[in-house]
Amino acid sequence: MNIHEYQAKEILRAQGVPIPPGEVATTPEQAEAIAKKFGTTVVVKAQVHAGGRGKAGGVKLARTPAEARDIAGKILGMQIKGLTVLRVLVTPAEEIASEAYVGVILDRASKAPVFMVSPAGGIDIEEVAAKTPEKIRRLRVDTRYGLQTYQAMELGFFLYADLKQARAAASIMQKLYAAFMASGASLAEINPLVVTPKGEVVALDAKMVIDDNELDRRPAIAALRDESAEAPSEVEARNASLTFIKLDGNVGCVVNGAGLAMATMDLVKYYGGDPANFLDIGGSSNPDKVVAALRIITADQNVKAILFNIFGGITRTDDVANGIVTATRANPLKVPIVIRLTGTNEDIAVKILKENGFSASADMDEAVKQAVALAKGGKAA
Amino acid sequence: MNIHEYQAKEILRAQGVPIPPGEVATTPEQAEAIAKKFGTTVVVKAQVHAGGRGKAGGVKLARTPAEARDIAGKILGMQIKGLTVLRVLVTPAEEIASEAYVGVILDRASKAPVFMVSPAGGIDIEEVAAKTPEKIRRLRVDTRYGLQTYQAMELGFFLYADLKQARAAASIMQKLYAAFMASGASLAEINPLVVTPKGEVVALDAKMVIDDNELDRRPAIAALRDESAEAPSEVEARNASLTFIKLDGNVGCVVNGAGLAMATMDLVKYYGGDPANFLDIGGSSNPDKVVAALRIITADQNVKAILFNIFGGITRTDDVANGIVTATRANPLKVPIVIRLTGTNEDIAVKILKENGFSASADMDEAVKQAVALAKGGKAA
Amino acid sequence: MSIFADNSTTVIVQGITGRDGSFHTRQMIEYGTRVVGGVTPGKGGQKFENTVPIFNTMRDAVAATGANTSVIYVPPMYAADAIMEAADAGIKFIVAITEGVPVLDMTRVAPFVHEKGARLLGANCPGIISPGQSKVGIIPGRICTPGNVGVVSRSGTLTYEVVYQLTRAGLGQSTCVGIGGDPINGTNFIDCLAAFEKDPNTSAVAMMGEIGGTDEQQAADFVKHHMTKPVVGFIAGQTAPPGRRMGHAGAIISGSAGTAAEKIAAFEAAGIGVARRPVDFVDLIRARLK
Amino acid sequence: MSIFADNSTTVIVQGITGRDGSFHTRQMIEYGTRVVGGVTPGKGGQKFENTVPIFNTMRDAVAATGANTSVIYVPPMYAADAIMEAADAGIKFIVAITEGVPVLDMTRVAPFVHEKGARLLGANCPGIISPGQSKVGIIPGRICTPGNVGVVSRSGTLTYEVVYQLTRAGLGQSTCVGIGGDPINGTNFIDCLAAFEKDPNTSAVAMMGEIGGTDEQQAADFVKHHMTKPVVGFIAGQTAPPGRRMGHAGAIISGSAGTAAEKIAAFEAAGIGVARRPVDFVDLIRARLK
């Protein structure tokens, strides 16, 4: 789960990371009032779950409250990578002597959280990694022991030669690690971590991504979810316990299991088609999930054909068949549908479908070919 | 460092361990007022750093506030194992269906905290261990991982067959472990842990011992020290950074190093004497420590001779000699002194002592023999 | 022969009285798996379907049955504890079916299991089946048939699809292992490939990977340097967009790393036959078995 | 020969610019110990007394010097971190002099050091000296002389006392090891006894124990079953009252366990010569060396 910069900053502040104050505005007038309160040049920053906000024009300096209002007016409502900006963070502008990068990610290869730090901050860390890898230091943290002081100091000295600044950075990293663990994060980064002209080390931006699997035991973190910042179809899918990702093609796919769902999309492409989505109905089939899946897929105007690919194991194929019948009875389909199913209760499923005017195939390849052809305006074979 | 039952209960309560309420009284009238407030039969419990309070008459039931006052009047001021009772805890009496023991100690052989639990609670656990060892279950906790739920449940089921009670006990043990770790304890125990007639699991008594080495980084715990509950000579010694333990003999010993100090006491005994104390002036010698050591030892009326045994390594023997001279100049000794010193700056030390009328030996055995003889009223050899 | 599970496998089901646990216990017993006990706290002393003894703790269960394997169907927030309980009780092969285990939990579980000398399969995996011998987990028994193809996969239903096609084509399996789709898991491709290489009853291996991480690249390197048996591989997620988690917590392209293209290139460089479609496994394996 | 420290020992001093660290660094250098570096954060790039390079971190120090040993003089609250830093940087022998390290810290330090394949001596110990070769710690060099008696002790000054008497009697030492007086430490009696048993230059061992714990009893058992060389032992604290901590955190009789009497009985049962007084070591060892 992504959270906004201002939310990540609140979490880090609670752990004691030094971060300049900031307040969130949803209207230009609020932004003006906040800027007036700070009484200094401010930065107005789009709060949206996308990188590259700066390049997209979502981060601007405002020298006066009036300017803050004007800029907020332009940023609010802006689209960044397909997402609408509904909130801006207004925060005093800081003078910057140097910028560094500090991040911790849950690294699958290391089976552990791994710190990445670089004195070349303020820019995309992947770019630094590609062009000047010697400017990045990585450090694996064994969660049985936690981040030790000596490790944080090693990283601190990699960023700063000055003992006071190295210590300040080390302390910030220990707090960042504490926040990472306490939030069930998979990523937490500060970019840039800056040294001010006075020599103080402060965090100017923060990003955190939470492991979805942690949310059940962290209600306070789960409450940070901002559904207005997500695509409505994905919110609906999640609420129906489906995994759905919208794509640009025209073959709507309903599959059980993530691997098979990807393989189905790939096969659509292989046969010259374009998948409209990834959609995994998961292991336990119940007709309601199928109904929700069809509702989400048919809402996409691009979809020209629908493909079901169900391999029944735990999933009962008769549940899926019943779901298809229920959903299409309530809302008759406007596009053709191809149904492939095999496995648990296959005979019952085929019978249900036939009785309701659907045909079903047991062969994945054939079904995919058919769906691709139908989406192109051809006929089912 | 020992803390009182009421302090340990506060720590455990803060972690969520279910403990009946209780308040501390220093006068009979306070005890009466507290009993009146609870409006039920109460238990009045001496708060003193000694085991066996019950057997010593330091724990009594009071059915009425007036009785609570009378009982508190008897317990306050009472001596238990040489310590004066200055506080009582007044707490509502609970009905008890069964009593268990739950404790966690820092076990040197396991190099880890070890839980000990027994369904035979309310009595001395060492007695249970000796007589019915099958009634005790031990469980080592790897501090890298902490106490896992399954481990707490194993212990819970050892105490109770009922799932709800086993779960309640497991939860209490997880909280006890959290308190143990957060306080830097070397021992934390609940004895008894009781089941009430309603089936609830609650802690009726609590004991915690804190590792002295943890106090520097835990000021809130360090503040729990009750110097009025300790022997004044030991408090004075600690404040002078000396380790001092009073014994019943008549040869006062001043030694550098714990092992050598014990060996010196043993040698006093070997030659037929009785050490009056253990006293380690520690590694870094400064004359002030020697002055404090002499003040503490000479305050003991039993002391008939004083023995210095100093092996100079880090300790400079001239510092020790200067300390002896300074201390005895201010307060001339009333008992004979035997000084053994060797090692760092021995020549200077011997010179200082001679100039001030003291003699010194380099041989430990000879010095001990002399001191023993002098304490018996004999002459220095 | 087979890998990790065979006729000597004796299983404790952790969460045996739960919805999934009870269903799949019946399925496993029906398949012939030696389910010797189950654990549900508070139900110790009872029996599952009048036959399988239930215990309060894994320690009790292992002490009473001597089981060497466990399979876990407890909810995600309790799965890490269940895995550690099994390892601590002396279980040497632990199959965690549970989906949704927090990844940070796994950073502690992995070294714990290692210290105890146990092997963990999963979490978030369909389990393992050595056809005709033992099934531990949820892979449908009827789609498998004994034979000499080893199958290892990060996916559940995609595995079924491939196994189903192999079986229909007369290509039986020595063992089918689902390693699961989580970013940190107990057993990886290389563990399985090494075991298949040693297993005298395995003649070829079918490997189904997916986008995300570098496990397939490392597996390819292992195949190149340490395997004599033929391997055919497939990568799911060629059409997946970067930065989106494709259902499995581990199936995500980070930046430009973990793409299907780079994995397929690694397969090709290692001499692994690349199945472009699931159905291609049949011909590619048949060709290599001749 | 000797154990744990010899001519090949190269030392980094952790806390080299502190009060104790700088004093003992001078002493060690004077004795001939190869002190190749020191660590004090923020003083990296400077030199100690114009000769010994100082580094900000142990990682830097080990990378630059290739040292195999470190000695720690940092304050107690930082000692655990310093030990772990040394082990993580690749140091194989870590001598922690610091007194007052929280015991719970040691419960995490011990497995960490073990995982890194290092040996820890201490904490709260006087260190080690192999006379004529290397001294790491604070044992006064002048009281020692090379020879073939191994010395191992839980105490500091008591060790000096015994070594001093041995030296005066012409009984030189192969190595003197102070394992320290804390309840949880890195190296115990058995580790040292096993090493002395293997060391061709050690002919007899003097062992000084004290009340508290069961280390001496286990050591006695080890001597009985695994040692061919003669051992003479002493237990300090025969007059100590139960339940009181006698200076050393580990020197405490708990209930009726850990008494001097039970330890002396264990020594006698194992055929260990028992010194009743420190001075007795001389005659007892001399008799056994004949």
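A note on names: the letters A, B, ... follow the listed sequences, proteins ahead of strands, and every chain is numbered from 1.
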Check: B:Phe157 and C:Thr57 side chains under 4.5 Å, non-hydrogen atoms
yes
Check: C:Gln14/B:Tyr150 side-chain N/O donor and acceptor closer than 3.5 Å
no
Verify the neighbour count for atom CD of C:Gln217: are there more than 12 heavy atoms of other residues, nucleotides or ligands below 6.0 Å?
yes
How long is the span from the OG1 atom in B:Thr149 to the CE atom in C:Met77, to the nearest 0.5 Å?
13.0 Å
With rounding to the nearest 0.5 Å, note down the distance linking CG in B:Asp142 to CD in C:Glu115.
6.5 Å
Gap separating the CG atom of C:Asp88 from the CG atom of B:Leu139, nearest 0.5 angstrom
8.0 Å
Are B:Met153 and C:Met58 packed together at the side-chain level, in the sense that at least one heavy-atom pair is separated by less than 4.5 angstrom?
no
Can you tell me if B:Glu95 has over 12 outside heavy atoms packed within less than 6.0 Å of its CD?
no
Just wondering, more than 12 heavy atoms not from B:Lys60 lying within 6.0 Å of its NZ?
no
If you count the non-hydrogen atoms of other residues, nucleotides and ligands that lie under 6.0 Å from NE2 in C:His226, is the total more than 12?
yes
Rounded to the nearest 0.5 Å, what separates atom CD in B:Glu154 from atom CG in C:Asn56?
10.5 Å
Given heavy-atom pairs under 4.5 angstrom as the criterion, report whether the side chain, backbone, both or neither of C:Phe112 touches chain B.
both
Counting neighbours of NZ on B:Lys135 that are heavy atoms of other residues, nucleotides or ligands and sit closer than 6.0 Å, is the number greater than 12?
no
When you measure from the side chain of C:Arg108 to the backbone of B:Tyr145, do you find a donor-acceptor pair of N or O atoms at a distance under 3.5 Å?
yes
